Amino acid sequence: MALSTRAVQTYQNASTTDQLIMMLNNLYDAETNPDGYVSLGIAENSLMHHVLIDHMHKNMDIPDLALTYGDGQKRLRKVAARFLTRHFKPVTPIEPSHIHISNGLAPAIQNIAWATANPGDALLLGRPYYVAFKPDVSRRTGVEVLPVAFGDLDPMGVEAVQKYEDEILKAKDRGQRIAGVILAHPHNPLGRCYPRDALIAFMRLCQKHQIHLISDEIYALSVFENRVDEGAAAVPFESVLSIDPEGIIDPSLIHVLWGMSKDFGANGLRMGITITQHNPSMQAALMSVFEFSWTSSLSDLVTANALDDDEWVESYIKENQTKLSEHQEKVLLWAKQNEIEYSRGSNAGFFVWVNLGAAYSKHHPGEIEHLDKAVIDALLAKRVFLADGIAFGAEQPGWFRIIFSQEAGYLAEGLRRILAAVKGE
């Protein structure tokens, strides 16, 4: 039976998942499957799973309400508003009415795109970018994502903001509306936070052109000490909500995203939050389609129980940040020892952005026609999976993202295989 045109176009344009599914069905285990794939390509944090699971077991008194459609997330909204106000330090305290809850940030980003842009309009996204932003925005909305290139500029510096305005002006010349700018703050895959002056520059840009500023702050609490990069000052995290918009931007244009997937290592809970403080129309629009991204009442319960326990939350965040710092150190020292270039000054997220292409070229003299593919093939031959720069819109070939938020032995095995792939051993 024939499918709709949009369905055919979507699946034909979507990247293949066969290789990923194959890898996930054959994961490495030191004892039971030593020949399986080591995955350092998916942004999951397993370092604190036992801590969250323990808290869930101790607080999982499940009421009958959890098997119904729930209470409209009344308790969760209240708890989340208090938690986010405490940790994001917003100028205006976050109220339950400012929060829209969805089953993860993928539908949250899709809903924001749907609410801010018409089919054929575009959202701007700086390179390199989180790979899923493009399909999350585009696949079901008809909204385009326009990548912004920076050349030799720091993509997270104030000077880079002009590149966004250049794209806005080009779009106006061709008759295309730019609806907003998406920021990953902290950045994925660079692992850095935007400095305050850059955030203010983005706010001024969005005010000037009356477009939305969408700040994905899902790694906000996964910020830690970089113990290796002396002389490369790491920027602390400041939420966009913590900057007074007076005289800078109409606050109705600001929207912030957060969820449980990264800071609490709970991708499987499917819990995302959109914060829109000063735009009742946006709040109403998101509520008008809430049933398409409704969360489970059990996920609501687990999340509310966790975020409502202040003492446990503070302990969890501190321990998580310490472990992330320790594991990042392992990868940075490994890169230094093996003369592998990486993006310096990172202090957030679960990743190190490394130039494996340059390292591969050193060990494979002569012309390499397709450098990225050569490195990808070498990695897969050694049964290690990384996210590649092609998917992330990297401006230069050879860059890859290494996830370090895995158990130490697993991470060490992955790094051993990466080095073997690069050297051709």
Side-chain angles (χ1 to χ4, degrees), residues 17-57 131 188-189 191 219 222 224 226-228 260-269 316 319-340 342 346 349-356 359-360 363 374-388 391 399-425:
T17 59
D18 291 347
Q19 192 175 72
L20 179 61
I21 296 300
M22 176 271 294
M23 182 273 299
L24 291 175
N25 286 331
N26 185 22
L27 286 174
Y28 165 84
D29 183 279
E31 296 183 0
T32 63
N33 193 24
D35 295 325
Y37 285 86
V38 174
S39 174
L40 299 180
I42 299 174
E44 291 184 322
N45 179 4
S46 65
L47 301 177
M48 297 288 287
H49 279 174
H50 64 289
V51 179
L52 181 56
I53 290 292
D54 182 62
H55 188 274
M56 290 169 61
H57 282 304
V131 60
N188 177 5
Y219 291 98
S222 298
F224 47 84
N226 182 320
R227 305 179 182 186
V228 176
M260 293 289 287
S261 295
K262 309 306 180 183
D263 288 340
F264 285 88
N267 298 55
L269 274 184
Y316 181 99
E319 183 179 355
N320 184 48
Q321 291 174 339
T322 298
K323 288 190 174 185
L324 290 173
S325 179
E326 292 171 349
H327 280 243
Q328 186 209 43
E329 182 180 21
K330 295 176 189 296
V331 178
L332 298 188
L333 291 176
W334 167 86
K336 281 179 172 290
Q337 290 164 2
N338 292 288
E339 298 182 329
I340 295 174
Y342 65 89
S346 60
F350 313 150
F351 19 78
V352 176
W353 189 237
V354 294
N355 189 351
L356 296 184
Y360 182 90
H363 295 281
V375 178
I376 292 169
D377 289 346
L379 291 169
L380 292 176
K382 294 297 181 183
R383 300 212 162 193
V384 59
F385 170 71
L386 299 181
D388 60 84
W399 288 86
F400 288 76
R401 188 188 69 171
I402 297 177
I403 300 297
F404 56 75
S405 49
Q406 297 287 349
E407 179 271 326
Y410 190 93
L411 177 60
E413 176 63 16
L415 295 178
R416 185 190 68 78
R417 294 187 185 193
I418 293 170
L419 192 60
V422 165
K423 290 183 174 182
E425 296 176 344

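In this chain, residues are counted from 1 in sequence order. A quick note: this is a predicted structure, and the numbers were derived from the prediction, not measured.
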Colleague: Among pairs that include at least one residue of residues 410-425, which meet salt bridge (Lys or Arg N to Asp or Glu O under 4.0 Å), considering only residues two or more places apart or in two chains?
Modeller: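 Every pair satisfying salt bridge (Lys or Arg N to Asp or Glu O under 4.0 Å) with a residue in residues 410-425: Glu413-Arg416, Glu413-Arg417.
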Colleague: Taking the six-membered ring where the residue is Trp, are the ring centres of Phe351 and Tyr219 under 6.0 Å apart?
Modeller: yes
Colleague: Is there a donor-acceptor contact under 3.5 Å from the side chain of Tyr316 to the main chain of Phe264?
Modeller: yes
Colleague: Atom OG of Ser325 and atom CZ of Phe404: how far apart are they, to the nearest 0.5 Å?
Modeller: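 These two atoms lie 8.5 Å from each other.
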Colleague: Working to the nearest 0.5 Å, report the span between OH of Tyr360 and NE2 of His363.
Modeller: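 Tyr360 atom OH to His363 atom NE2 measures 11.0 Å (nearest 0.5 Å).
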Colleague: Would you give the length of the straight line joining atom CG of Leu324 to atom CG of Asn320, rounded to the nearest 0.5 angstrom?
Modeller: 4.5 Å
Colleague: Output the distance between atom CG (Leu332) and atom CD1 (Ile340), rounded to the nearest 0.5 Å.
Modeller: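 It comes to 11.5 Å.
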Colleague: Applying side chain to side chain donor-acceptor pair (under 3.5 Å), can you list everything that pairs with His55, at least two apart in sequence or on another chain?
Modeller: Asn59, Asp309
Colleague: Which value, rounded to the nearest 0.5 Å, describes the distance between Ile42 atom CD1 and Asn267 atom CG?
Modeller: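 Interatomic distance, Ile42 CD1 to Asn267 CG, rounded to 0.5 Å: 9.5 Å.
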Colleague: Answer yes or no: is there a donor N or O on one side and an acceptor on the other, between the side chain of Asp388 and the main chain of Ala391, under 3.5 Å?
Modeller: yes
Colleague: Does any N or O in the side chain of Asn45 come within less than 3.5 Å of the main-chain N or O of Leu47, such that one atom is a donor and the other an acceptor?
Modeller: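 The answer is yes, because a donor-acceptor pair under 3.5 Å joins these two groups.
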Colleague: For Tyr28 versus Pro34, what's the shortest heavy-atom pair and its separation?
Modeller: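 In terms of heavy atoms, the two residues are closest at CD1-O, 3.3 Å.
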Colleague: Could you grab the distance from atom CE of Met56 to atom CG of Leu269, nearest 0.5 Å is fine?
Modeller: 6.0 Å
Colleague: Give a yes or no answer on whether the side chain of Arg383 reaches the backbone of Val38 with a donor-acceptor pair at less than 3.5 Å.
Modeller: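 Not a single qualifying donor-acceptor pair exists.
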